[in-house]
Amino acid sequence: MNKIRPPRVTFNQLRTLEAVVRHGSVTRAAKELHLTQPTVSAQIQDLQLSLEVDLLEPIGRGIRPTEAAQLLRQAALDMFARWQLFEEDLQAVHGLERGTLRIAGVTTTEYFIAKWLSDYTVNHPGIEIELAVENRDAVVRYLTDDEIELAVMMMPPQHLLLETLPVMHNPLVLIGPIDHPWVHKNRLNRQVLNGAPLLMRERGSGTRLATEAYLDEHNLQADVRATLGSNEAIKHAVAAGLGLAIVSQHALANDPAKDGVAILAVAGFPIKRQWQLVWRKDRRLSLAARRFIEDVRSLY
Ligand code: PGA
């Protein structure tokens, strides 16, 4: 027998409670919801009676949400999110796809993710896209905080339960300025990197992690000359002769000489890496995210 009992409260009451707790004020919540203050107070009062618990307590001249109110707000947010997924699914039953695709990619994915997304908008015109392009640390944070549903990255974090779909290869190459003496050399020994001037991406970058892992693995000590916050800044600095760098091959033009850089043939390069499309196993995905995964799966 199904033991689930319908809640004794209404969505309207929960929406009001959510706003009151978020603002910590009945007046501000009433303003946001375009309701009168007595209406908001009456809804909170009804909730308290239904649940037999205090939701607001007086503090000085104002009020403070109780612990029960905080818990109820979280439950309400979960229910609203679940309801939204239901509405999207319902529209899909009628052949109408609506919703928002919330996705993030590490910085190097900016060189190809737009193409994926433009194909996706053609196939799913009713779905809006919110794309964040940041370094690995920021993308992991968005995933942890549920600000996005999908992410494209090279090294998925260990602390989350994730589903992963390998997508493209992401070879990491060593680059130098176009007139560097190693340009016409063939397969130099990796020891040449000992003491070589190297430019690094900022802390939190996956490319930097991969670079450090490579140097550690081979016991190499590079001379880190500068830390730069983007692949573009790295390329400009390499072209200007500040040092060498390890970057994703996707960050380079088909002809790297156009950026004033050259790929150097040192043993062990390119470092073989791969991008993965990842999402949390312990979350129910929106229709928009499920469709995106289906589309990408059909490509790889
Ligand atoms: P990032 O990208 O260096 O911009 O963090 C790394 C990755 O491909 O995961």
Side-chain angles (χ1 to χ4, degrees), residues 77-78 80-82 84-85 88 97-172 200-211 213 227-235 247-252 273-300:
L77 288 174
D78 290 349
F80 298 156
R82 183 62 188 84
Q84 192 178 331
L85 293 182
E88 289 170 14
E97 293 179 338
R98 293 260 181 279
T100 305
L101 176 70
R102 291 175 300 123
I103 183 168
V106 288
T107 54
T108 322
T109 62
E110 72 183 330
Y111 300 100
F112 67 87
I113 208 163
K115 171 80 178 99
W116 280 5
L117 294 176
S118 81
D119 292 349
Y120 179 80
T121 45
V122 171
N123 294 335
H124 312 282
I127 294 177
E128 208 184 293
I129 293 173
E130 280 177 18
L131 166 70
V133 177
E134 305 251 6
N135 73 16
R136 179 181 179 274
D137 265 14
V139 171
V140 170
R141 206 164 47 243
Y142 292 153
L143 207 51
T144 309
D145 295 347
D146 286 317
E147 286 184 36
I148 53 161
E149 292 186 278
L150 302 176
V152 187
M153 64 175 75
M154 189 161 60
M155 287 170 283
Q158 300 296 318
H159 72 280
L160 295 174
L161 199 59
L162 295 174
E163 200 81 65
T164 58
L165 174 63
V167 283
M168 281 162 71
H169 291 294
N170 179 27
L172 302 177
M200 280 282 199
R201 281 279 307 281
E202 77 287 359
R203 255 176 224 296
S205 145
T207 309
R208 179 185 177 122
L209 279 183
T211 302
T227 299
L228 296 113
S230 72
N231 293 314
E232 291 303 307
I234 290 267
K235 280 192 297 185
V247 295
S248 164
Q249 190 158 6
H250 293 277
L252 302 176
R273 295 278 183 161
Q274 178 139 31
W275 276 307
Q276 330 248 9
L277 177 63
V278 308
W279 60 95
R280 294 182 64 163
K281 248 189 198 159
D282 50 352
R283 295 287 184 274
R284 191 177 187 287
L285 290 177
S286 67
L287 177 78
R290 296 200 309 269
R291 292 287 185 261
F292 188 81
I293 295 167
E294 283 162 19
D295 286 8
V296 171
R297 226 188 263 284
S298 70
L299 292 174
Y300 294 94

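We're numbering straight along the sequence, starting at 1.
In terms of heavy-atom proximity, Met154 sits nearest to Gly206 at CE-O, 3.7 Å. Scanning all heavy atoms of the two residues, the minimum distance from Val133 to Val106 falls at CG1-O, 4.1 Å. Heavy atoms only, all atoms of each residue included: Leu131 and Gly105 are closest at CD1-N, 4.3 Å. The minimum heavy-atom distance between Arg208 and Arg201, with the atom names listed, is NH1-O, 2.8 Å. Considering all non-hydrogen atoms of both residues, Ala210 and Leu172 come closest at CB-CD1, 3.5 Å.
Checked against the 6.0 Å centroid threshold, Phe112 and Trp116 count as a close aromatic pair.
Contact of the Ile148 side chain with the Leu143 side chain is registered, since non-hydrogen atoms from C-beta on lie closer than 4.5 Å. Residues His124 and Asp295 have side chains in contact (heavy-atom distance under 4.5 Å, counting atoms from C-beta outward). A 4.5 Å side-chain heavy-atom check between Ile127 and Phe292 finds every atom pair outside the cut-off. Counting heavy atoms from C-beta on, the side chains of Lys235 and Ser230 never come closer than 4.5 Å. At least one side-chain heavy atom of Val140 sits under 4.5 Å from a side-chain heavy atom of Met153.
Once rounded to the nearest 0.5 Å, the distance linking CE of Met200 with OG1 of Thr227 reads 7.5 Å. Rounding to the nearest 0.5 Å places CD1 of Ile234 at 5.0 Å from CG of Leu228. Rounded to the nearest 0.5 angstrom, Arg102 CZ and Glu149 CD are separated by 4.5 Å. The CG atom of Asn135 sits 10.0 Å away from the OG1 atom of Thr108 when rounded to the nearest 0.5 Å. With rounding to the nearest 0.5 Å, the separation of CD1 in Ile293 from CH2 in Trp279 is 4.0 Å.
Judged by distance alone, with hydrogens and angles left aside, the side-chain atoms of Tyr120 form a donor-acceptor pair with the main-chain N or O of Ala288 at under 3.5 Å. Side-chain N or O atoms of Arg136 include none that pairs as donor or acceptor with a backbone N or O of Thr207 at under 3.5 Å.
The environment of Glu147 atom CD is dense: over 12 non-hydrogen atoms of other residues, nucleotides or ligands sit within 6.0 angstrom. With a 6.0 Å radius and a threshold of 12 heavy atoms from other residues, nucleotides or ligands, Arg203 has its CZ atom at or below the threshold.
In summary, Arg297 and Glu294 do not engage in a salt bridge, as defined by a charged side-chain N under 4.0 Å from a carboxylate O. Checked for salt-bridge contact, Lys115 and Asp119 meet the test: a charged N lies under 4.0 Å from a carboxylate O. Using a 4.0 Å cut-off between charged nitrogen and carboxylate oxygen, Arg280 and Asp146 count as a salt-bridge pair.
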Donor-acceptor pairs under 3.5 angstrom involving side-chain atoms of residues 156-170: please list them, not counting sequence neighbours.
{"unit_1": "His159", "atom_1": "NE2", "unit_2": "Thr144", "atom_2": "OG1", "d": "3.3"}
{"unit_1": "Asn170", "atom_1": "OD1", "unit_2": "Ser248", "atom_2": "OG", "d": "2.6"}

| said: Using side-chain contact (heavy atoms from CB on, under 4.5 Å), reason through Gln84 and Arg98 one step at a time and then give a plain yes or no. | reply: CA-CA 10 Å; Gln84 192 178 331; Arg98 293 260 181 279; over 6 Å; no
